[in-house]
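A quick write-up on the structure given underneath.
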Amino acid sequence: MNLDLGGRTALVTGSSQGIGAAIAAGLARAGATVGVNGRDAGRLAESVEKLRAEVPDGTFVPVAADLGTEEGAERTLEALPDVDILVNNLGVFGAAPALEISDAEWRRYFEINVLAGVRLTRAHLPRMRDRGWGRVLYIASDSAVVIPAEMIHYGVSKTALLGVGRGFAKEAAGSGVTVNCVIAGPTHTEGVEDFVYQLVDRDLPWDEAQRVFMREHRPQSLLQRLIEPEEIANLVVYLSSPLASATTGAAVRVDGGYVDSILP
């Protein structure tokens, strides 16, 4: 399969680590120039250096901005005013008792997990449509479909992304621009390691803690292990490529069979 993205420019939000960094590396391997985003300029510079070591032929552009704010979106547009591929990966998550989540925390989750992607789509989709080619992706979660009792604010924000993706796909109808969501399953990242240890004994070694977490909190996973970030990135790179031209308005799962459904 030829996933050639040579000559294309991509922006991956929240890409200084974890799934976002894996997506940035995957897009660069396919030939795209990739904007790498994070809030802290110093940490972002370190992340870009790691990506350059991982993909020596890749071209990476650091974009330091807090995309949970309108000012951050404006700063990002100044750094990369025109992109062909927009991957809205930025997100926050964390466990909290459902009845103790404040209004302020609900708003924070929607600002970061939903509105950050909406703002950038609103800016970039018209240019993509004018050119007759573009890719917009939202990294959603199995939690969008199976709302976790321990973090309903996160789950609901990801459910909203599925509607956002479908709605913008209709806005792009017939233009050559595709808009899709990727439903990622439980994935092995540094942040998830912290989350796992919120729910299982912190004295357990990681391999055992992971097994206990999957058995007790994600027993419906058919993969029966955490997904690696590169496995999410593989699907994102495909959906960003010309080969995925007939896939739009979709919520495509890479969840290890976690969602108990025969439909995508």
Side-chain angles (χ1 to χ4, degrees), residues 1 3 12-27 29-30 54 87-95 113 137-162 165-166 180-241 243-244 247 249-264:
M1 296 177 70
L3 301 178
V12 185
T13 68
S15 48
S16 62
Q17 62 181 343
I19 293 173
I23 292 171
L27 292 171
R29 287 192 189 95
E54 185 178 347
V87 182
N88 295 293
N89 170 74
L90 178 66
V92 293
F93 65 94
N113 292 1
L137 292 117
Y138 302 90
I139 306 303
S141 165
D142 56 81
S143 296
V145 183
V146 185
I147 304 293
E150 71 274 9
M151 49 178 185
I152 66 170
H153 52 337
Y154 171 76
V156 170
S157 71
K158 291 298 186 177
T159 304
L161 276 187
L162 302 185
R166 182 68 184 180
N180 292 291
C181 291
V182 172
I183 298 181
T187 305
H188 180 199
T189 65
E190 291 179 12
V192 167
E193 287 193 17
D194 292 338
F195 175 68
V196 166
Y197 279 121
Q198 290 181 39
L199 299 173
V200 305
D201 187 350
R202 287 186 176 274
D203 293 330
L204 291 175
W206 168 248
D207 286 345
E208 185 177 351
Q210 175 185 194
R211 289 194 297 272
V212 171
F213 171 77
M214 295 300 288
R215 182 170 65 248
E216 294 183 357
H217 296 279
R218 301 292 186 268
Q220 61 270 54
S221 169
L222 302 182
L223 198 61
Q224 298 185 353
R225 65 167 172 82
L226 289 172
I227 299 163
E228 293 301 321
E230 292 74 17
E231 294 175 300
I232 308 296
N234 291 339
L235 179 59
V236 172
V237 174
Y238 166 72
L239 290 173
S240 299
S241 77
L243 298 184
T247 303
V252 186
R253 291 193 285 135
V254 56
D255 67 343
Y258 177 82
V259 177
D260 191 7
S261 171
I262 60 174
L263 295 175

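Just so you know, residue 1 is the first one in the sequence shown, and it goes up from there.
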task: List the steps, then state whether side-chain contact (heavy atoms from CB on, under 4.5 Å) holds for Leu226 with Met214.
output: CA-CA 8 Å; Leu226 289 172; Met214 295 300 288; 3.8 Å; yes
- request: Any chance you could lay out the side-chain contact (heavy atoms from CB on, under 4.5 Å) test for Ser141 and Phe93, step after step, and finish with the verdict?
  value: CA-CA 11 Å; Ser141 165; Phe93 65 94; over 6 Å; no
task: Show the numbers, then the answer: is there a side-chain contact (heavy atoms from CB on, under 4.5 Å) between Leu27 and Val87?
output: CA-CA 10 Å; Leu27 292 171; Val87 182; 4.2 Å; yes
Worked verdict on Met151 versus Phe195 for side-chain contact (heavy atoms from CB on, under 4.5 Å): CA-CA 11 Å; Met151 49 178 185; Phe195 175 68; 3.9 Å; yes
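Between atom OG1 of residue Thr247 and atom OH of residue Tyr238 there is a gap of 4.5 Å, rounded to the nearest 0.5 Å. Note that the CG atom of Asn88 and the CG atom of Leu137 stand 8.0 Å from one another [nearest 0.5 Å].
The shortest non-hydrogen separation linking Cys181 to Gly165 is SG-CA, 4.0 Å. When all heavy atoms of Val12 and Gly20 are compared, the pair lying nearest together is CG1-O, 3.7 Å.
Within the structure, the salt bridge (Lys or Arg N to Asp or Glu O under 4.0 Å) test picks out the following pairs touching residues 252-264 (sequence neighbours left out): Arg253-Asp255. For residues 180-199, there are no salt bridge (Lys or Arg N to Asp or Glu O under 4.0 Å) pairs, not counting sequence neighbours. Under the side-chain hydrogen bond (donor to acceptor under 3.5 Å, both in side chains) criterion, the residue pairs touching residues 14-27 are Gln17-Arg43, with sequence neighbours excluded. Sequence neighbours left out, the pairs with a member in residues 211-232 that pass salt bridge (Lys or Arg N to Asp or Glu O under 4.0 Å) are Glu150-Arg218, Arg225-Glu231.
Partners of Ala25 by side chain to side chain contact (heavy atoms under 4.5 Å, CB included), not counting sequence neighbours, listed by chain and number: Arg29, Leu51, Glu54, Val55. Asp203 pairs by the side chain to side chain contact (heavy atoms under 4.5 Å, CB included) definition with Asp201, not counting sequence neighbours.
The residue from Leu161, Leu162, Ile232, Leu235 that alone fulfils the side-chain contact (heavy atoms from CB on, under 4.5 Å) condition with Ile183 is Leu162. Checking each of Val237, Ile139, Val182 against Ile23 for a side-chain contact (heavy atoms from CB on, under 4.5 Å) leaves exactly one that passes, namely Ile139.
Remark: the backbone N or O of Leu90 is paired with a side-chain donor or acceptor of Thr13 at under 3.5 angstrom. No donor-acceptor distance shorter than 3.5 angstrom exists from the side chain of Asn180 to the backbone of Leu239, with no hydrogens or angles considered. Within the 3.5 Å criterion, the main-chain N or O of Ala251 finds no donor-acceptor partner in the side chain of Tyr138. Judged purely by atom type and a 3.5 angstrom limit, Asp142 has no side-chain atom pairing as donor or acceptor with the backbone of Val259.
Classification of the His188-Trp206 ring pair by plane angle, with boundaries at 30° and 60°, yields parallel.
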